[in-house]
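Have a look at the structure below, then the notes.
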Amino acid sequence: MSAHKLPTVLHALLCSVALVVASVAQAEIRVITTTPSLADIVKQVGGEEVRVESLMSGRANGHNVIPRPSFVMKLRKADLFVHSGLDAEPWLPNLVHSSRKIELLPGGAKNLDVSTGIRLLEVPAADELTRAMGDIHVYGNPHYILDPMNGAKVGRTLAAKLGQLDPDHAATFESRAIALEEQLTALTARLADDVNALGLCSVVTAHRTWSYFLERFQIKKLAELEPKPGIAAGPRHIASLAKSMKQKNTRLVLSATYGDVRSAARLAKAVEGRHVILAQEVNALPDATSYISLFETNVKLLVLAAQEIPIGDEGCP
Amino acid sequence: MRVTTIFVLFLCAAQASANDAIPVRKSNLLNPDITVFFDLGGSLSTNEENKGHNRFHLREVELNMSAAVVPIADAMMTLSVHEEIENPFGDGETEIVTHFEIEEAFLNAHTLPFDLAIKGGKFRAAFGRNNVLHTHDLPQLLRPLAVVAFLGHEGLVLIGGEVSWLAPNPWDQYIEWTTAVANADGGEESPLLRGARAKNPSVVSRIKWFGDIGESNSLEIGTSFVYVRSTGSFSETLLGGSDVTWLWRDPSAPDTRSAIVQAEFFIARADSPRAAKSPLRRTTMGGFVLAQYQFHRNAYLGFRYDLTELPNVSERRVNDQEWAASGLVTWYYSESLRFRLELQHLDQEVAGRRDSEQIAMFGLTFYIGSHPPHPYWVNR
């Protein structure tokens with residue numbers, strides 16, 4: 001190599017090194033979430049600065065997941081692990097221990113429990129807690145993500161954490177979380193109008209999955225199909241429930257894509273009503289491709305079902 | 001009687017701490033998670049000579065306590081009480097003996113540098129897939145014949161230390177190597193492992209690969225061995241095993257349809273002392289295949305085929321073996337209450353005598369206390 005070419009080569013080398021360093025500095029934050037809904041919120045808040053993947057599929061029952069080997073390997077490479085907290089995902093402790101990464105342990109730098117700051121429903125009183133209450137969640141109902149305004153709170157929690165991991169983009173994450181909150185607030189108001197226009201007397205839900213959703217959209221719950229959480233409904237219970245539904249002019253039975261879907265359909269048939277399968281998660285139903293479209297899809301399904309069953313002259317007794 | 005008293009006192013202590021929680025006292029908030037598992041059953045058999053059947057059984061009551069000791073380590077203790085029928089075939093008096101034992105008591109440092117985990121204390125050996133399961137977690141009512149024949153009625157429990165390493169690899173696959181240095185004598189019920197005559201410590205090792213196959217299947221393949229030396233009639237025993245577990249979940253209904261197929265194979269080689277005039281080498285084999293299909297949210301159908309030679313029969317003949325075929329129905333009322341019904345055909349040929357037996361068994365399993373983590377291996 002001639003001497004006059006040396007500076008050029010050195011310059012090229014330095015530029016290459018600088019490019020590599022820059023690309024490392026701007027590397028995406030690898031985020032693993034337990035559920036697709038959390039993954040979508042991460043995507044909204046993190047934008048191009050994150051690469052996110054959900055462990056669970058949309059149709060899975062989060063309480064009953066068998067961790068796959070790939071879960072461990074994905075978790076080990078994560079910069080951030082986002083989960084629902086509480087006792088929503090009882091398979092997590094084994095999974096996190098299997099990853100052998102101290103930062104992923106509860107309270108660790110890469111472990112984010114997004115239930116922090118959420119107002120929980122159906123929290124059992126400590127002195128009343130017993131297995132006679134069924135497969136009860138001891139900290140309260142963990143399906144809080146089905147209230148869009150809780151999704152907004154999760155967005156804020158995520159923005160704060162992502163800002164710690166990537167301080168250069170902290171303001172961007174925060175502004176995206178605010179934008180998401182505004183979007184969800186407007187969505188909630190619009191969908192609430194749609195639901196109010198239905199004049200629903202009340203509904204029956206298969207499980208306690210829908211408590212937050214019903215509260216947000218002010219839909220009255222008559223009863224649950226399960227006599228107690230996790231306990232399958234028997235024929236006598238279904239018959240008794242059908243009688244109450246007829247008395248209260250309640251015709252809709254709501255369920256998730258998992259659980260005792262057959263009994264829910266049987267109950268709806270007994271009252272000449274409709275069984276509506278809603279999306280409990282992003283991707284649980286084909287149209288629920290994002291956190292926002294999850295609510296749009298669910299309200300649309302409710303509207304369609306309610307329109308098929310006019311309330312009639314008897315109103316809501 | 002003394003055993004029962006100790007256990008009752010223990011339960012009372014556990015109950016007292018639970019009662020103390022009302023009203024909540026801060027000093028109790030760090031109490032361990034306490035769960036009591038009850039595993040009861042009964043059986044009917046065509047072999048009326050077998051006094052172990054045609055009766056109700058207290059299969060096991062297990063008191064389990066666990067809690068974090070430090071952020072990177074948990075402690076776990078399991079006290080077990082179970083009934084055993086002594087001398088079920090003999091002409092003498094049959095006796096029901098209640099055994100009380102510490103089944104497991106260990107410290108598990110689950111998150112250590114270099115992808116290591118270390119366990120110390122008394123624990124079930126990582127030898128195959130079935131051996132690590134407690135009685136109430138078994139996929140069927142009885143342990144596979146090969147597990148009983150090679151590892152003893154309760155399976156192989158070690159006292160010592162175990163290191164497990166999640167081996168990094170360029171294919172980004174889950175490969176785990178576990179090695180224990182421990183007393184692996186297997187107790188009185190597994191003379192193959194030399195019992196009290198074993199020169200301890202022994203070595204138990206296992207390596208497994210655990211991977212996804214497509215979106216809805218996973219596969220685990222493992223191989224294990226135990227090496228034991230003794231001063232008894234055989235100088236050393238090498239016990240090897242291999243296992244395969246395939247798990248499928250219907251992606252469109254992951255909560256209600258799934259299947260598992262599992263197979264384990266055992267081979268043991270026991271050598272006589274080198275000083276013996278006519279060295280004797282005995283190789284024995286056994287194994288089982290099980291399948292379980294979930295056809296409803298709370299209901300499962302299962303099948304198992306067992307075939308094993310009998311390494312622990314001292315005067316083993318060439319044709320000595322036993323085999324069994326079992327069918328099982330499981331129904332969960334809830335997560336904490338399960339019913340099972342199992343039918344088994346058992347055929348044994350020992351010392352030239354052939355016996356067969358039809359057995360109907362039922363099991364009732366329930367627990368009280370904190371919810372345990374979901375089992376990792378079974379399709380529930």
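Chain letters run A, B, ... following the sequence lines, proteins first, then strands; residues in each count from 1.
When only modelled atom types and interatomic distance are considered, A:Arg262 and B:Thr256 share no side-chain donor-acceptor pair under 3.5 Å.
In this structure, the side chains of A:Arg76 and B:Asp115 come closer than 4.5 Å at one or more pairs of heavy atoms. Using a 4.5 Å heavy-atom cutoff, the side chains of B:Asp74 and A:His97 are in contact. At a threshold of 4.5 Å between non-hydrogen side-chain atoms, the residues B:Asp255 and A:His63 do not count as touching.
Counting non-hydrogen atoms of other residues, nucleotides and ligands closer than 6.0 Å to CZ of B:Phe295 gives a total above 12. Heavy-atom neighbours of A:Lys43 NZ from other residues, nucleotides or ligands within 6.0 Å: at or below the threshold of 12.
Salt bridge present: B:Arg297 and A:Glu226 bring a charged side-chain N and a carboxylate O closer than 4.0 Å.
Neither the backbone nor the side chain of B:Ile368 comes within less than 4.5 Å of any heavy atom of chain A. With a 4.5 angstrom heavy-atom cutoff, A:Asp87 does not touch chain B via any of its atoms. Interface remark: A:Lys101 contributes backbone and side-chain atoms alike to the contact with chain B (heavy atom separation under 4.5 Å). Proximity to chain A is absent for every atom of B:Leu337, based on heavy atoms less than 4.5 angstrom apart. Heavy atoms of B:Gln173 lying under 4.5 Å from chain A belong exclusively to its backbone. Heavy atoms of B:Pro113 lying under 4.5 Å from chain A are absent altogether.
To the nearest 0.5 angstrom, A:Met73 atom CE is 8.0 Å from B:Ile175 atom CD1. Atom OG of B:Ser336 is separated from atom CD1 of A:Ile231 by 6.5 Å, given to the nearest 0.5 angstrom. A:Tyr258 contributes atom OH, which lies 15.5 Å from atom OG of B:Ser252 (distance to the nearest 0.5 angstrom). Expressed to the nearest 0.5 Å, how far CZ of A:Arg68 lies from OH of B:Tyr174 amounts to 15.0 Å. For the atom pair A:Arg100 CZ and B:His110 NE2, the distance stands at 10.5 Å (nearest 0.5 Å). Taking CD1 of A:Ile102 as the reference point, atom CD1 of B:Ile72 lies at 5.5 Å (rounded to 0.5 Å).
Here the shortest heavy-atom pairing between B:Leu166 and A:Ser98 reads CD2-O, 3.5 Å. Taking each heavy atom of B:Arg249 and A:Asn64 in turn, the nearest pair found is NH1-O, 2.9 Å.
When B:Pro71, B:Ser218, B:Gly211 are compared by the number of non-hydrogen pairs under 4.5 Å with chain A, B:Gly211 comes out ahead. Here B:Asp212 is the residue among B:Asp212, B:Thr111, B:Asp172 with the most heavy-atom pairs under 4.5 Å with chain A. Heavy-atom pairs under 4.5 Å with chain A peak, among B:Leu112, B:Leu116, B:Asn108, at B:Leu116.
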